[in-house]
Student: 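Can you read through this structure? Questions will come right after.
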Protein chains: 2
Amino acid sequence: MSDAERDRRFASTLAKGLQVMQAFKPGDVSLGNRELARRTGMPPSTVARMTFTLASMGFLEQLHPSEAYRLGPSVMALGYTARAGLSFLPMAENVMQQLADDTGVLVALSMRHGDAAMLTRCWRPRNASSLWLSEGHRLPMEQSAPGRAILAADPTLVAETEQARADREQLESRGYVISYGGWNSGVNACAVPFQTALGTQPFAFLCGANASDLNTEKLERVVAPRLRDTVQTLRHSLGYM
Amino acid sequence: MSDAERDRRFASTLAKGLQVMQAFKPGDVSLGNRELARRTGMPPSTVARMTFTLASMGFLEQLHPSEAYRLGPSVMALGYTARAGLSFLPMAENVMQQLADDTGVLVALSMRHGDAAMLTRCWRPRNASSLWLSEGHRLPMEQSAPGRAILAADPTLVAETEQARADREQLESRGYVISYGGWNSGVNACAVPFQTALGTQPFAFLCGANASDLNTEKLERVVAPRLRDTVQTLRHSLGYM
DNA sequence: GTTTAGTGTTCCGCATAGCGGAATAATAAG
DNA sequence: CTTATTATTCCGCTATGCGGAACACTAAAC
């Protein structure tokens with residue numbers, strides 16, 4: 001039990017409902033109350049109250065006749081509202097799409113979410129096939145380019161590994177972090193961290209492709225500098241320093 | 001207070017937390033506790049408990065130094081999980097992208113959410129500019145093509161307007177619903193309803209473009225029949241009847 | 001510099017919302 | 001027909017959460 005959970009302000013009933021929703025994973029089509037009880041550790045009657053309330057507000061839908069649940073439209077609506085609340089995104093849309101078209105690689109925005117860098121927005125080159133990653137995909141913080149860029153830019157990071165130190169130096173000297181097969185042996189990528197407001201989770205813009213499509217020279221001489229410059233232009237446009 | 005809210009199974013604390021998140025609208029960058037109190041009608045101390053709990057679980061982020069909140073990465077993560085739970089989407093990706101490329105119009109999947117048809121997934125033609133609509137946008141049920149297609153396919157609809165009756169007949173005879181500027185005077189569109197499991201909100205696939213790019217002949221002779229056939233092929237691939 | 005207004009946060013007495021074990025109901029498998 | 005599993009409901013009990021008031025801080029107005 002964390003500090004927040006012990007705090008008298010903590011609303012445990014709200015937390016339980018959120019945990020029930022978070023029990024759903026991307027590969028799940030539907031889950032019954034019993035499976036939700038197993039995954040969350042809650043008694044079935046507690047789960048039944050949570051699912052009843054969530055379903056009445058559109059956060060879950062109960063399928064018939066199986067009586068299993070799936071995440072409902074209110075969840076998706078909130079997700080889109082959350083993304084729409086990222087005020088810099090409209091300004092990023094065109095320049096990142098142009099970058100994807102010019103370089104022929106996948107461009108994406110990722111956001112830290114727990115132990116992962118989660119893809120929040122993707123821009124695909126319109127005239128080339130691109131990496132299979134899409135929005136919602138989670139990349140490990142320690143191995144992926146965006147994860148490492150976020151960690152390298154973090155001034156409070158204390159448990160610094162050799163890799164993190166090298167990434168921080170690379171970020172300071174070149175303005176981006178590069179990964180050759182760091183997360184997936186067949187994928188090369190680069191990333192530039194992007195911080196918005198204090199108190200919020202950090203972002204990183206990334207470019208990535210299969211190694212066969214994105215060799216060392218193209219990555220280091222073309223794509224990574226272009227990404228760094230595009231993100232810097234975006235910062236200036238937004239009045240960020 | 002609805003029937004569900006009076007039910008003893010209803011967890012009002014969970015509902016309050018969800019209402020706080022739903023107080024955020026797509027144009028909001030951040031909201032303070034007082035504004036959340038105003039929007040939800042809850043006392044400030046109740047809102048403070050909800051925001052404290054939501055922030056501790058990543059559903060809200062508190063910005064510094066303004067102390068205002070924005071929706072956090074856990075909301076976006078759940079939204080992507082919800083979309084990933086739509087098991088038919090992977091199979092729709094390629095055929096709908098191809099349809100967008102072939103016809104040069106925006107193709108999208110929408111889902112009923114309250115009084116709106118909410119765009120859940122968009123496919124843009126890669127070699128043409130397209131309609132400005134994107135994921136999360138909400139179209140009115142009574143005026144938009146997808147809204148009308150969903151209503152026309154609804155066997156339980158009782159308050160049938162003249163438009164709904166005409167749409168139902170069009171759907172039955174042609175397999176799609178067409179809208180000339182029904183939602184926006186400069187936009188033409190067609191839609192085909194798509195039902196998945198019983199108990200869940202209905203979907204509709206739609207094609208739309210500016211009227212200057214999508215005239216009557218192209219819509220009726222090319223795009224609408226193609227959409228209907230593509231959705232029908234998708235149903236068969238999924239084993240739906 | 002003082003006063004006023006607005007915001008965010010915390011406190012605490014109170015009572016009801018929510019808990020969870022047990023019972024009930026339904027369906028599927030053996 | 002019996003057993004196993006799931007879903008749902010009940011209800012006595014108490015801990016969770018409520019909200020008005022107080023407190024703290026900052027900014028604007030005078």
Student: Are A:Thr196 and B:Arg70 close enough that a side-chain donor and a side-chain acceptor fall under 3.5 Å?
Tutor: yes
Student: Going by the rule ring-ring contact (aromatic ring centres under 6.0 Å, His included), which residues pair with A:Phe205 if we only count those two or more places apart in sequence or in a different chain?
Tutor: A:Phe194
Student: Which pairs, with at least one residue in residues 22-32 of chain A and sequence neighbours excluded, count as a side-chain hydrogen bond (donor to acceptor under 3.5 Å, both in side chains)?
Tutor: A:Asp28-A:Arg39
Student: Just to verify, what does A:Asn33 make a side-chain hydrogen bond (donor to acceptor under 3.5 Å, both in side chains) with, not counting sequence neighbours?
Tutor: A:Thr51
Student: With sequence neighbours excluded, what pairs up with A:Ser74 under the side-chain hydrogen bond (donor to acceptor under 3.5 Å, both in side chains) test?
Tutor: B:His113
Student: Short question: side chain of A:Glu61, backbone of A:Ala55 - any donor-acceptor pair under 3.5 Å?
Tutor: no
Student: When rounded to the nearest 0.5 angstrom, what is the spacing between CD1 in B:Ile150 and CG in B:Asp167?
Tutor: 12.0 Å
Student: Taking five pairs at each end, how big is the angle between the two axes of the helix from C:dG1-D:dC30 to C:dG30-D:dC1, to 10°?
Tutor: 40°
Student: Within the 4.0 Å limit for protein heavy atoms, which parts of nucleotides 23-30 of chain C are touched? Write it as a string from 5' to 3', B for base, S for sugar-phosphate only, - for none.
Tutor: --------
Student: Starting at the 5' end of DNA chain D and moving along, which residue's nearest nucleotide shows up first, B:Met50 or A:Leu31?
Tutor: A:Leu31
Student: Calculate the interatomic distance between A:Arg49 atom CZ and C:dA17 atom P; express it in whole Å.
Tutor: 13 Å
Student: Between A:Glu142 and A:Arg148, is a salt bridge (Lys or Arg N to Asp or Glu O under 4.0 Å) present by the stated rule, with each step listed?
Tutor: CA-CA 6 Å; A:Glu142 307 276 349; A:Arg148 284 165 44 197; over 6 Å; no
Student: Taking only residues two or more places apart in sequence or in another chain, which ones pass side-chain hydrogen bond (donor to acceptor under 3.5 Å, both in side chains) with A:His137?
Tutor: none
Student: Tell me which pairs pass side-chain hydrogen bond (donor to acceptor under 3.5 Å, both in side chains) where either residue lies in residues 8-20 of chain A, with sequence neighbours left out.
Tutor: A:Asp7-A:Arg9
Student: Grab the CD-C1' distance between B:Glu5 and C:dA17 for me, whole Å please.
Tutor: 15 Å
Student: For DNA chain C, determine which residues of residues 7-16 of chain A have any heavy atom closer than 4.0 angstrom to one of its atoms, and list them numerically.
Tutor: A:Arg8, A:Arg9, A:Thr13, A:Lys16
Student: So if I take residues 33-47 of chain B and measure heavy-atom distances to DNA chain C, which residues fall below 4.0 Å?
Tutor: B:Asn33, B:Arg34, B:Arg38, B:Ser45
Student: Under 3.5 Å, is there a donor-acceptor pair linking the side chains of B:Asn94 and B:Gln98?
Tutor: no
Student: Between A:Arg112 (side chain) and A:Gly114 (backbone), is there a donor-acceptor pair under 3.5 Å?
Tutor: yes
Student: Distance check needed: C:dG18 P versus A:Phe52 CZ, whole Å only.
Tutor: 12 Å
Student: With sequence neighbours excluded, tell me which residues meet ring-ring contact (aromatic ring centres under 6.0 Å, His included) with A:Phe203.
Tutor: A:Phe88
Student: For DNA chain D, which nucleotides open and close the run of contacts to chain B, 5' to 3', at under 4.0 angstrom from a non-hydrogen atom?
Tutor: D:dT9 to D:dG20
Student: Could you point out which residue of B:Cys190, B:Ser179, B:Ser144, B:Pro146 forms a side chain to side chain contact (heavy atoms under 4.5 Å, CB included) with B:Leu206?
Tutor: B:Pro146
Student: Can you check whether A:Gly85's main-chain N or O pairs, donor with acceptor, with A:Arg83's side chain at less than 3.5 Å?
Tutor: no
